[in-house]
Amino acid sequence: MMHFSCDVCGKDMTQDGAERYVLKMEAFAATDPAELTEDDLETDHVEEMARLLSDIEEGEEPPQLLPTCKKMRFDLCPACFRKFVNDPLGRENASKFDFSPN
């Protein structure tokens, strides 16, 4: 038997007939048509690559790149699904922080 629990609140949804929702999200880099500028044409890309390779050989960490695509899947109980649908970016909760003026 498969076990399902809400990925937000942890509620057990394994019982027969327990209502649950599956949320699938995909985040990816937006690609806009590239425009060449004068700066692009004037940049010596071979020299720039040589500098980056030299930095790596000298022990410097290469720049950390973000993944180009991330797919996620969540199981939600009805209450958490309702909250998500009403505020998918969590803006309501983010505005509730009240920091003290130290």
Side-chain angles (χ1 to χ4, degrees):
M1 176 165 78
M2 296 286 293
H3 172 79
F4 295 103
S5 60
C6 179
D7 289 320
V8 175
C9 69
K11 178 182 176 182
D12 183 19
M13 299 182 296
T14 305
Q15 308 92 349
D16 291 335
E19 190 175 7
R20 69 183 176 90
Y21 294 85
V22 175
L23 171 65
K24 292 182 180 182
M25 294 189 334
E26 181 178 8
F28 52 90
T31 55
D32 295 325
E35 274 187 40
L36 286 177
T37 64
E38 286 295 321
D39 290 338
D40 294 329
L41 297 174
E42 292 174 4
T43 302
D44 186 353
H45 297 288
V46 174
E47 183 179 312
E48 183 66 19
M49 288 302 296
R51 186 188 63 75
L52 289 171
L53 291 172
S54 174
D55 289 348
I56 291 171
E57 287 174 358
E58 292 173 4
E60 289 187 28
E61 291 289 320
Q64 295 298 317
L65 300 176
L66 294 173
T68 57
C69 182
K70 173 85 173 171
K71 293 182 180 184
M72 298 161 272
R73 181 188 185 282
F74 304 98
D75 293 309
L76 301 179
C77 69
C80 291
F81 177 74
R82 239 183 310 332
K83 288 179 189 175
F84 176 80
V85 170
N86 290 328
D87 187 19
L89 297 179
R91 291 180 176 163
E92 183 178 312
N93 289 334
S95 64
K96 290 183 181 180
F97 287 113
D98 186 25
F99 295 104
S100 63
N102 320 26

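All values below were derived from every heavy atom in this structure, side-chain atoms included, with hydrogens, water molecules and symmetry-related copies excluded.
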(message) Is any side-chain heavy atom of Met13 closer than 4.5 Å to one of Cys6?
(response) yes
(message) Please tell me whether Met72 and Val85 are part of a single hydrophobic cluster in this structure, the criterion being side-chain heavy atoms less than 4.5 Å apart.
(response) yes
(message) Check for me, please, whether Leu76 and Met25 land in the same ILVMFWY cluster - side-chain distances under 4.5 Å, paths through other members count.
(response) yes
(request) Check whether any side-chain heavy atom of Leu23 sits under 4.5 Å from a side-chain heavy atom of Arg73, and report yes or no. (result) no
(message) Among residues at least two apart in sequence or on other chains, which ones pass side-chain contact (heavy atoms from CB on, under 4.5 Å) with Asn86?
(response) none
(request) In plain terms, say whether Asp55 and Arg51 are close enough for a salt bridge, that is, a side-chain N and a carboxylate O under 4.0 Å apart. (result) yes
(request) Could you note down all residue pairs passing ring-ring contact (aromatic ring centres under 6.0 Å, His included) where residues 7-26 supplies at least one of them, sequence neighbours left out? (result) Tyr21-Phe81
(message) I'd like to check the side-chain hydrogen bond (donor to acceptor under 3.5 Å, both in side chains) partners of Asp12; sequence neighbours left out, ordered by chain and number.
(response) Thr14
(message) Measuring from atom NZ of Lys83 to atom SG of Cys77, what distance do you get when rounded to the nearest 0.5 angstrom?
(response) 7.5 Å
(request) May I ask you to decide if Asp7's main-chain N or O and Asp75's side chain share a donor-acceptor pair within less than 3.5 Å? (result) no
(request) Using a 4.5 Å cut-off on heavy atoms from C-beta on, say whether the side chain of Glu26 contacts that of Cys69. (result) yes
(request) Starting at CD of Glu47, measure out to CG of Leu52 and round the result to the nearest 0.5 Å. (result) 11.0 Å
